[in-house]
Amino acid sequence: MEKQVWADSWDRSNTHFHRQDVHPYVLKHLTPFALMEKSIFVPLCGRSLDLVYFSQFADRVVGVEQNETLILQFFAENQLAYEKVGERYISNNLTIFCKDLFALTPNEVGEIDLVYDRASLVTLPLPLRVGYLQKMEELTAPGTQYFLTTLEYSPGMNSAPFSISPEEVGGYFPNYRIQHVESPTVPHHRLVRKFKLDYLKEHGFMMQKLHDASYASLVETASRSFYEPL
């Protein structure tokens with residue numbers, strides 16, 4: 001992974017990745033009961049408030065963020081005491097790794113019950129997405145749940161957050177059972193106003209991993225979904 005892709009998006013003050021509240025899809029679909037006794041993994045977590053929500057109800061929450069400044073801001077903003085152990089920032093049942101996601105190992109993360117991806121896949125340009133998906137394959141086992149949000153808009157832009165349609169999601173996760181649970185058009189979204197978009201939809205997908213997928217199959221299906229209609 002190009003280590004600067006995520007960090008640079010913040011350095012350019014692209015703060016549209018950060019919400020000042022818990023995402024409404026989280027409150028609706030990842031309820032306290034659904035999180036009980038679960039281990040949650042949040043890739044490219046930034047300083048998301050969703051981490052605080054998850055830690056209140058889940059058994060264990062693990063995030064990864066290579067920008068140390070964001071991690072320190074997260075703990076300061078939420079008034080959370082923490083202990084730094086090597087690359088880990090630990091606060092009770094919440095651990096944030098300060099490192100490149102692609103350097104993270106299954107042993108470090110441990111068993112994952114649920115992946116929460118709100119601003120990871122949409123952050124990465126197409127050439128990096130297959131590598132990201134392969135890393136998630138490495139870190140998860142069959143049966144893992146995966147909650148994904150994407151933006152779909154027109155005209156497309158060659159910068160993050162990238163537009164990713166439901167058809168593309170089907171290609172990126174060929175070994176998952178996919179439920180398309182949210183797809184509202186958001187006419188007053190900040191990006192619509194800023195870039196004069198024709199429309200913008202914020203999709204939500206509740207998925208479950210059925211079996212492991214090979215790197216070759218991820219490359220093939222991701223390419224087909226992006227360039228050809230399914």
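Remember, predicted model here, so these are calculated numbers, not experimental data.
Note on Ile90: it does not cluster hydrophobically with Phe75, by side-chain heavy-atom contacts below 4.5 Å among ILVMFWY residues. A continuous path of ILVMFWY side-chain contacts below 4.5 Å connects Leu200 to Met157, so both sit in one hydrophobic cluster. Cluster membership check: Leu191 does not share its hydrophobic cluster with Tyr199, using side-chain heavy-atom separations under 4.5 Å among Ile, Leu, Val, Met, Phe, Trp and Tyr. A single hydrophobic cluster is not seen to contain both Phe162 and Leu128; linkage of ILVMFWY side chains at heavy-atom distances under 4.5 Å, directly or through other members, places them apart.
Side-chain contact between Asp113 and Arg60 is absent, with no heavy atoms from C-beta onward closer than 4.5 Å. Taking 4.5 Å as the limit, some side-chain heavy atom of Leu94 sits within range of a side-chain heavy atom of Phe74. At least one side-chain heavy atom of Thr69 sits less than 4.5 Å from a side-chain heavy atom of Gln73. Val192 places none of its side-chain heavy atoms less than 4.5 Å from the side chain of Val186. Contact check for Tyr89 versus Glu65: no side-chain heavy atoms found under the 4.5 Å cut-off. With a 4.5 Å cut-off on side-chain heavy atoms, Ile96 and Leu51 count as touching. Contact check for Leu35 versus Leu114: side-chain heavy atoms found under the 4.5 Å cut-off. Leu197 places a side-chain heavy atom less than 4.5 Å from the side chain of Pro155.
Atom-to-atom distance recorded for Glu111:CD and Leu139:CG is 13.0 Å, nearest 0.5 angstrom. Note that the CG atom of Leu72 and the SG atom of Cys98 stand 8.0 Å from one another [nearest 0.5 Å]. Of the inter-residue distances, the one linking Ser48 atom OG with Leu70 atom CG reads 11.5 Å to the nearest 0.5 angstrom.
Of the possible polar contacts, none joining the Asp117 side chain to the Leu148 backbone as a donor-acceptor pair under 3.5 Å is found. For His29 (side chain) and Thr31 (main-chain N/O), no donor-acceptor pair under 3.5 Å exists by modelled atom type. Formation of a donor-acceptor pair under 3.5 Å by the Asn175 side chain with backbone atoms of Leu210 is not found in this model. Side-chain N or O atoms of Arg129 include one that pairs as donor or acceptor with a backbone N or O of Leu124 at under 3.5 Å. Looking at Lys196, its side chain never comes within 3.5 Å of a backbone N or O of Asp198 through a donor-acceptor pair. Judged by distance alone, with hydrogens and angles left aside, the side-chain atoms of Ser91 form no donor-acceptor pair with the main-chain N or O of Tyr82 at under 3.5 Å. A donor-acceptor pair is defined here as one N or O able to donate and one able to accept, closer than 3.5 Å; such a pair exists between the side chain of Lys209 and the backbone of Thr140. Not a single donor-acceptor pair under 3.5 Å links the side chain of Lys201 to the backbone N or O of Ser183. Under the 3.5 Å distance criterion, the side-chain polar atoms of Glu182 are left unmatched by any main-chain donor or acceptor of His203. A donor-acceptor pair is defined here as one N or O able to donate and one able to accept, closer than 3.5 Å; such a pair exists between the side chain of Thr150 and the backbone of Ile164.
Counting non-hydrogen atoms of neighbouring residues, nucleotides and ligands closer than 6.0 angstrom, the CG atom of Asn92 reaches no more than 12 such neighbours.
Aromatic ring orientation, Phe147 versus Tyr25: perpendicular (interplanar angle above 60°, classes split at 30° and 60°). Using the six-membered ring where Trp is involved, Tyr176 and Phe173 have ring planes that are perpendicular, over 60° apart on the 30 and 60° scheme.
Side chains of His23 and Glu202: a donor on one and an acceptor on the other come within 3.5 Å.
Checking Tyr146, Phe54, Tyr53, Phe205 one by one against Tyr116, the ring-ring contact (aromatic ring centres under 6.0 Å, His included) holds for a single residue, Phe54.
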